[in-house]
**Student:** 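This structure is in structure tokens; I'll ask about it shortly.
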Amino acid sequence: MKINLKIWRQEHARVSGAFVHYTVANVQPDLSFLEVLDLLNEQLIAEGGVPVEFDHDCREGICGACGMMVNGQAHGPLQRTAVCQLYMRHFSDGDTVTVEPWRAKAFPVIKDLVVDRSALDRISAAGGYISVKTGAAPDANAVLVAKPDADTAFDYAACIGCGACIAACPNASASLFTAAKISQLALLAQGQPERKSRVVKMTQQMTAEGFGDCSNHGECQSVCPKGISIDAIAQMRREYIRAKLPFG
Amino acid sequence: MTLNARIPEGPLPHKWGNFKDHCQLVNPSNKPKHTILVVGTGLAGASAAATLAEQGYRVKSFCIQDSPRRAHSIAAQGGINAAKNYPNDGDSVWRLFYDTIKGGDYRSREANVYRLAQISNQIIDQCVAQGVPFAREYSGLLANRSFGGAQVSRTFYAKGQTGQQLLLGAYGAMMRQVAARQIELFPRREMLDLVVINGQARGIVVRNLLTGEFERYAGDAVVLATGGYSNVYYLSTNGKNSNVTAAWRAHKRGALFANPCFTQIHPTCIPVASEFQSKLTLMSESLRNDGRVWVPKQAGNQRLAQEIPEADRDYYLETRYPTFGNLVPRDVASRNAKQVIDEGRGVGSTGLAVYLDFRDAIASQGKSAIEARYGNLFEMYQRITGEDPYAVPMRIYPAVHYTMGGLWVDYHLMSTVPGLFVLGEANFSDHGANRLGASALMQGLADGYFIIPYTLGNYLATTPLPEVDTSDEAFGEAEASARTRTMKLLSIQGDKTVLDFHRELGHLIWNGVGIHRHQQGLKKTIEDVRSLRHEFWQNLRVPGEATTLNKNLEFAGRVADFMELGEVMARDALAREESCGCHFREEFQTASGEAQRRDEPFAIAAAWKYQGDEQPPELEHETLVFENVELTQRSYR
């Protein structure tokens, strides 16, 4: 089939970008969306043009490197699917697909579809861990964790840090990303000693990075490729209140 | 020349303890005076960076990704082994050691493998303390499962995302040290050369992938944890950015490259669907615990799976290997799949697949039990193929997944360049000729959390390290050479893209140094790779500029190195005149078609020494001494 692409091209953060139209012919339904961008880039190189830059790596939806707005939706039309796992069988011959980078103040564009997501690393550095030194751990079965808590903790821990939640949020809030880590660790016995300081430090960093506040739109959970629930944000708020109130 | 592995004295179970008891320590007040350059942020690199920083060293951490959390360890699915024996099913350190060394077909070093098994339990403790959400029983205790080739349940797992969870644990530990200013992060940097001064590894040259600038970093030691080289095959289960460049450039500066032909072909991958396919997706082999592998008995079958009656199905692994059945090691499963496919019994539209069928497991255990165990894998399969594996059998095909070969290291994990340490998949040390499932995560974390802190400390405490800085002429020479090579790639402006060349190289290596190898084919592969390499340097076209983000340029540099590695892989496979583990030389097989080892003279690690771009490398070796296990013919029947 033939796919028309309308792709955001931008040389770097200091110049403005614009949409450019391309057409890729002979697209097989078994190709992934990123493979169509590969094809387009091969076409551009053959014509003496400059390929479209986009981040990608594992192409199995787990590394979180890829991410782009496809027809206005973060990672495209499929639920619980990173764009690398989006296959062309979900498109039709002659479709026009609009492709843009993540848009958020805290995610400056580097080039074309590539943005700077280092703000997420800084939120993690603010407290997204349990402070245990190598070698200092007790036997792994010394601390029991109830299965439902372990399972829910896993669901939150599945975040791939792609930034789709932020790109989809009208406020460009990083609440789901931040809350997923806070909630994972709050559910585990091992996470208790730093429970209060963690939520305070991580949310402070989130604000410092220029991410907006959450106003319960829920766009984040609908685009999350790992299906992380907005319940995490409710949990984060409870954690924050507990940490801030003297009787918490 | 024979290489000295510096294995400590004493009986096997006491070697690591003896080493730790007697190694030299760095005085705490001196640790901040040492800068350690850690390249790579996967399980090995992140755990090493975090632990060294906790100890007080100044760590500089480099990765090609935009964030350390994206290293390819993230994609490991199945699990991590440990000899905890929580299920009380007879496991022990000895048994984990024995299974690993036997699984590797006796081509790994006893002392290293034993140490790995000893450390395995500490890794689980460490990860649980970090909040890694491993699967648990209703009692709240940790759950275990059995994994490809093992007769005990010693694998800890977090659904099908164990690598992700372990890596995020290590990443968290690392970010804690970033916040404490013990680690300085350098993401989007690619190591393009190793700087050797007075025979010691003292620095690296990296290219800033955003600005294109070349940067120099000096340190007292360099730790490479840059993963494996499966992408030499073009199609593999590795991430698109996984590459051999850092290791290869270190090789060209004097580090020997061991057993490059030992590459693991994983039996349970989603088959290739089209010629433009960019990568292969692995599905955890834990699927073989419940799925049954079969093909039709007759060649040329046109029926759908559900139309083929029981009597016409050949469950060939169960028939041929009654003891292990569907759980035979990876190399055996892959070879058998290729064999039935070569007989014309392959399934699916391309005929390049076998079935992995869950019908019986769903009937006996219920759909919800299967869903709980493999739900995300089934989902992934359906997303990629458009087929529902609860209703029709999965189609699987072998794909390159892991490379046991890598830079040669001694017991200290130090390469033949003093001060250059190599961890995880990038080294060759623990898996011999075949890696058992759930052992890669174990090795990466053992190397990073628990081994390098001791052996690197010992090196720093016992080695005179004169002051160096980045103005040293060795840095200038290394930077100039990296720059020249990069600019050359841009200047050719020929007719073929990096992708064209990479795909061609992949075909050559897959056909020549893949599941089956033979003398003639290997000789031809050497010639073919050489001529492709010459064409590459004459006819490559790289678009864009060197001063901005230019992924085509990055890829070109990596493919250029794969072009050199590929030839050495074929030379290694040619020189190893035996079959062992993954390395199946058609000339060397038993009457029943199994791999025929020749322990005399091939119970060695073959380590190749770079001799110049167009010169064949020189072969050196380490003799593997087996004092504790008897070398037997592997039998899974």
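Letters A, B, ... mirror the listed sequences (proteins, then strands); counts begin at 1.
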**Student:** Quick check: are there more than 12 heavy atoms from other residues, nucleotides or ligands sitting under 6.0 Å from OH of A:Tyr22?
**Tutor:** yes
**Student:** Which atoms form the tightest heavy-atom contact between B:Ala179 and A:Ala125, and what is the distance?
**Tutor:** CB-O, 3.3 Å
**Student:** Go through the atoms of A:Ser131 and report whether side chain, backbone, both or neither lie under 4.5 Å from a heavy atom of chain B.
**Tutor:** both
**Student:** Within the structure provided, determine whether A:Ser118 and B:Pro187 are in side-chain contact (heavy-atom separation under 4.5 Å).
**Tutor:** no
**Student:** Counting only heavy atoms closer than 4.5 Å, note whether A:Phe54 contacts chain B via side chain, backbone, both or neither.
**Tutor:** backbone
**Student:** Between B:Val128 and A:Val143, is the side chain to side chain contact (heavy atoms under 4.5 Å, CB included) condition met? List the steps.
**Tutor:** CA-CA 9 Å; B:Val128 167; A:Val143 179; 5.9 Å; no
**Student:** Check step by step if salt bridge (charged side-chain N to carboxylate O under 4.0 Å, His left out) holds for B:Arg136 and A:Asp151.
**Tutor:** CA-CA 8 Å; B:Arg136 287 179 183 268; A:Asp151 289 349; over 6 Å; no
**Student:** Between B:Tyr138, B:Tyr449, B:Tyr86, which has the largest tally of heavy atom pairs under 4.5 Å with chain A?
**Tutor:** B:Tyr86
**Student:** Thinking salt bridges, do A:Asp139 and B:Lys84 make one under a 4.0 Å N-O criterion?
**Tutor:** yes
**Student:** Can a donor-acceptor pair be found, under 3.5 Å and without considering hydrogens, that links the side chain of A:Asn141 to the backbone of B:Leu142?
**Tutor:** yes
**Student:** Between B:Lys240 and A:Asp38, is there a salt bridge with N-O shorter than 4.0 Å?
**Tutor:** no
**Student:** Find the one option among B:Phe156, B:Tyr171, B:Phe134 whose heavy-atom pairs under 4.5 Å with chain A are most numerous.
**Tutor:** B:Tyr171
**Student:** Any salt bridge between A:Asp121 and B:Arg69, counting N to O under 4.0 Å?
**Tutor:** no
**Student:** Should we say atom CG of A:Asn26 is surrounded by more than 12 heavy atoms from elsewhere, each under 6.0 Å from it?
**Tutor:** no
**Student:** Spell out, as yes or no, whether a donor-acceptor pair under 3.5 Å connects the side chain of A:Arg89 to the backbone of B:Ile384.
**Tutor:** yes
**Student:** Please tell me if the side chains of B:Ser278 and A:Leu34 come closer than 4.5 Å, counting only heavy atoms from C-beta onward.
**Tutor:** no
**Student:** Between B:Ala50, B:Gly386, B:Gly169, B:Pro133, which has the largest tally of heavy atom pairs under 4.5 Å with chain A?
**Tutor:** B:Pro133
**Student:** Would you say that A:Asp55 contacts B:Lys551 through its side chain, given a criterion of any heavy-atom pair below 4.5 Å between the two side chains?
**Tutor:** yes
**Student:** Under a 4.5 Å cutoff for heavy-atom pairs, which residue among B:Glu54, B:Glu545, B:Lys496, B:Met174 has the most contacts with chain A?
**Tutor:** B:Glu54
**Student:** Indicate yes or no for a side-chain donor-acceptor contact from A:Gln85 to the backbone of B:Met380 under 3.5 Å, with no hydrogens or angles considered.
**Tutor:** no
**Student:** State, to 0.1 Å, how close A:Asp30 and B:Ala273 come at their nearest heavy-atom pair, and which atoms those are.
**Tutor:** OD2-CB, 3.8 Å
**Student:** Measure from the side-chain N and O atoms of B:Asp125 to the backbone N and O of A:Ala137, and report whether any donor-acceptor pair falls under 3.5 Å.
**Tutor:** no
**Student:** Restricting to non-hydrogen atoms, name the atom on A:Ile45 and the atom on B:Arg541 that form the minimum distance, rounded to 0.1 Å.
**Tutor:** O-NH1, 2.8 Å
**Student:** For the candidates B:Gln122, B:Gln55, B:His72, B:Glu137, which exhibits the highest count of non-hydrogen atom pairs separated by less than 4.5 Å from chain A?
**Tutor:** B:Glu137
**Student:** For the side chain of A:Lys147 and the backbone of B:Ser139, is there at least one donor-acceptor N/O pair under 3.5 Å apart?
**Tutor:** no
**Student:** What verdict does the side chain to side chain contact (heavy atoms under 4.5 Å, CB included) test give for A:Gln28 and B:Glu275, after you've listed the backbone C-alpha separation in whole Å, the side-chain angles of each residue and the deciding distance to 0.1 Å?
**Tutor:** CA-CA 10 Å; A:Gln28 315 287 318; B:Glu275 62 173 309; over 6 Å; no
**Student:** When you measure from the side chain of B:Asn241 to the backbone of A:His56, do you find a donor-acceptor pair of N or O atoms at a distance under 3.5 Å?
**Tutor:** yes
**Student:** List the steps and the verdict of side chain to side chain contact (heavy atoms under 4.5 Å, CB included) for B:Phe276 and A:Glu35.
**Tutor:** CA-CA 7 Å; B:Phe276 297 111; A:Glu35 285 163 353; 5.6 Å; no
**Student:** For chain A, which candidate among B:Ser47, B:Gly172, B:Ser73 shows the most heavy-atom pairs at distances under 4.5 Å?
**Tutor:** B:Gly172
**Student:** Tell me, side chain or backbone of B:Thr51 under 4.5 Å from chain A's heavy atoms, or both, or neither?
**Tutor:** both
**Student:** Salt bridge check, B:Arg70 against A:Asp57: does any charged N sit closer than 4.0 Å to a carboxylate O?
**Tutor:** no
**Student:** Run A:Glu60 and B:Gln77 through side chain to side chain contact (heavy atoms under 4.5 Å, CB included) and show every step you take.
**Tutor:** CA-CA 11 Å; A:Glu60 11 187 295; B:Gln77 298 170 0; 3.8 Å; yes
**Student:** By a 4.5 Å heavy-atom criterion (distance strictly below it), what part of A:Leu31 contacts chain B: side chain, backbone, both, or neither?
**Tutor:** side chain
**Student:** Heavy-atom cut-off 4.5 Å, strictly under: side chain, backbone, both or neither for B:Gln165 against chain A?
**Tutor:** side chain
**Student:** Taking all non-hydrogen atoms of both residues into account, name the closest pair between A:Glu53 and B:Leu549 and its distance.
**Tutor:** OE2-O, 3.3 Å
**Student:** In terms of side-chain heavy atoms, does A:Thr81 have a donor or acceptor partner in B:Arg383 at a distance below 3.5 Å?
**Tutor:** yes
**Student:** Between B:Thr548 and A:Glu11, is any pair of side-chain heavy atoms under 4.5 Å apart?
**Tutor:** no
**Student:** Can a donor-acceptor pair be found, under 3.5 Å and without considering hydrogens, that links the side chain of A:Gln184 to the backbone of B:Gly131?
**Tutor:** yes
**Student:** Could you tell me if the side chain of A:Ile110 sits less than 4.5 Å from the side chain of B:Leu210, heavy atoms only?
**Tutor:** yes
**Student:** For A:Val115, is it the side chain, the backbone, both or neither that has a heavy atom under 4.5 Å from a heavy atom of chain B?
**Tutor:** backbone
**Student:** Just one of A:Val132, A:Leu188, A:Leu185, A:Thr134 clears the side-chain contact (heavy atoms from CB on, under 4.5 Å) bar with B:Gln130, so which one?
**Tutor:** A:Val132
